[in-house]
Amino acid sequence: MLKQLKPDLIVGDITNGNLDCQIDDKNISYISQFVDNQMITECARDEFNFILENMGYSADKRHMKIAEVASYFGIIDLLDLTEQELSGGQKQLINLASALILNPDILLLDEPTSQLDPIAAEKLIQMIHKINSELNMTIVLVEHSLERNVFFANRLAIVENGSIMMDETVDAALRKMFQDDFYKNYLSQIDRSCMELKLKSDKELPLSNRQFSKLLTQNKNEIKYSNISSKSKKTDEVLSVKKLSFRFDFESKKLIDYVSFQLNKGNSYCIVGPNGVGKSTMIRVITQQLKQQSGRIKLDGNNVSSKNNDIYQKMFVLPQNPALLFVSDTVFGEVEFQLKQKNPNIMSQQVELILQQYDMLELKDTSPYDLSGGQQEFLALIIGLIKEPEILFLDEPTKGLDPNMVLKLNELLEDYLATGGIVFANSHDLVFATNFNYVSLMFDGKLSEFKQPVEFFKDKFFYTTEINKASRDSFPDALTWNNLKKI
Amino acid sequence: MKKIYSGFKQSVNNFSILVYLLSIILSSLIFNNPVIVLVIFGALLLMSFFAKRDDSKSYFKFALIIFLTTVLFNLIINQRGTNIIFQIPFIMVTRESLLNACILAFSFVNLLLAFYIYDALTNVKVIFDLMSRGLRSIAIVFILTIKFIPKIIEIFRNTSYLYKFRSTKKTGKSKLSRQMDLIEIVLNKAVANFMNVSDVLITKGYNNRGKVSKKLYSTKSDYVVLSVSVIAVIFNISMAILKIGKVDFGSSTVNMFVDKNIIIISLINLIMIVIPILIGVSQYLWWKLYVSKITASNMPTAKNFR
């Protein structure tokens, strides 16, 4: 739908209706959700020149435009860095600057923060707000999460099954969404909590943390803290990591620096931390895609090495890009392939039964590459669960998932943990991290001690959930909206 | 080396670098006299360290494998010559066959090193700008190739690693057949990856691209690089036409000989190949001995006004 607003990007034919847009196509800019592969040339300076040359700007005008845009976005130091040298947040900032260098009238953004850590995402949203308010530019942003974006929007629309089912002012839309069992999960944690607790406020939604904190203090006597976190189990050790170190080059700093921990049966572990600190590298080293320079990894008492086929049987990795796991042309083929690893004589009815169990039967003939990002993630997880590994490694599992799919993911993981499996994930989604038994923060190659979510988050000042930030004076243990209940 | 490299990069423009690169590729192609080939090899090796890239280790490993394979292959298929060095069943190594093998192997490696330097010094956008003037569709193919070959290699690596976690039983298929399956899977994924590139090109306005006018600002260093490169190209082509610097490659009479012409050719090519280092050094010395002294403190200038 977003691409329909920029005629050059339309794939297929319009079957009905027409787009009445006063703005020329050249004055509409589009930014995709993919952070990588958006740069055609080697560095930002070349990229800006490339765009301006395409539009016929003279050398002098190009120079001035680049100076202007680089100063506005504060990216002068990044102009000559290559794509590999930029972090995810920096790349997306350059993508945004590239889109704005031609002074568009309309900016179309397709989930621009979906691949960024919370701090980088916040910075990008602030920049988008700055553009909107200072340059008076129209911005259309498509997102699953309303956590940050909704503060700066004037209108909120919901698209369902190809049509707009709601288009209201933000306050009215958020209140209507709360009445709908499906869409109430899309609300930000603060707004959801405020409405669940029926707190009376003359302020319009969305509420800021400060406003919510004030309301909580005023109504403290009517609210109680409810601990809903799952209890960790004291069980047998399955995987142990001792003094693990890894760096890519001799001269580079250690991405994993002398890390030790152990994973116990039936427990879940989540690592949080900014982009580029080595969270994904940690999974790749444990699963032997990368070889550690020092340290020992033991699975069920045996040393883990790429030559030991046992690790491929006992572990499963769901990578950041789930499409890398697919081997077949259809969703049916994917599930069938995995089931056949256990039983080569599997019948097609049994495959359909599994697909039905996970609500994917309708998609059985679809190519896995044509599924949405969230559906791909879900299919990859189903494949992993069919395999029934001892340890399930998940690299950013909530990326691209809508809130209801995240809830479904939590349910599936709970069922898997109940069978004695271990989940080891890394995520930017701090609300998702609160569902784990243990959470740790990774930075500078070091891993903090794994702690239970309440213990972990309550002494964090910046790197914590919005509910925790807002309620730390009155309910310091609260992390999500369902930790606060009306008495 | 970093300071010298930075001195060179800052004092020449992309056009001069491009002419220089064409010149070194040509010189590594034209001659096969063992002395010239060796001198060019030495100069190119020096330049390769000068323009070091991140992935240099694997590239040099690859060049070494090519070198050894070429030598061995040549020793097997060409056993001509009379001066026997040693003999094992089926293989007779003579001084001439070893020389032939080394000439070909060093020529291959020289070409590889020339392209390594090309890759390290050139900029995708410069080539793209040149191509898009007349060959728009080739320019797009060029961009896709440059950008996506490493991407496909990365997809292949990741897929073959992740495939191990999915396929846990032995299928009875041969290694080749499994590899073919994997390549099919990788190609499917690569196609999915290519899909958004056309969107990216459209959003960057490539479909509106017209003729791009560019002004090149040349420094003294540019004139030096351009002159040396152009002179070397003309000189090398003339020598090739006159058949100087060439030996009867593959024959049993191939010999290592040095005369005045060979020394001149070697010297000219040596200077041409290492010209970036010479410019880098002169820039660095100019900075160290002159500029840093007048920019470190404004006292001398201030004193003059008193």
- Query: Partners of A:Glu377 by side chain to side chain donor-acceptor pair (under 3.5 Å), sequence neighbours excluded?
  - Reply: none
- Let me know if A:Ser98 has heavy atoms under 4.5 Å from chain B in its side chain, its backbone, both or neither. side chain
- Message: The test is side chain to side chain donor-acceptor pair (under 3.5 Å); show your working for A:Asn345 and A:Lys340 and say whether it passes.
- Response: CA-CA 7 Å; A:Asn345 305 316; A:Lys340 276 191 171 173; over 6 Å; no
- Residue from A:Ile28, A:Thr287, A:Leu102 scoring the most non-hydrogen pairs under 4.5 Å with chain B is A:Thr287
- Item | Non-neighbouring partners of B:Tyr223 that pass ring-ring contact (aromatic ring centres under 6.0 Å, His included), sequence neighbours left out | none
- Message: For chain B, which candidate among A:Glu334, A:Lys314, A:Met55, A:Arg284 shows the most heavy-atom pairs at distances under 4.5 Å?
- Response: A:Glu334
- Examine whether an atom of A:Ile383 lies under 4.5 Å from a heavy atom of chain B, and if so say whether it belongs to the side chain, the backbone or both; otherwise answer neither. side chain
- Heavy-atom contact with chain B under 4.5 Å, split by part of A:Asp329: side chain
- Message: In this structure, is the centre-to-centre distance between the rings of B:Phe165 and A:Phe316 below 6.0 Å?
- Response: no
- Message: Surrounding CZ of A:Phe337 (heavy atoms of other residues, nucleotides or ligands, distance under 6.0 Å), is the total greater than 12?
- Response: yes
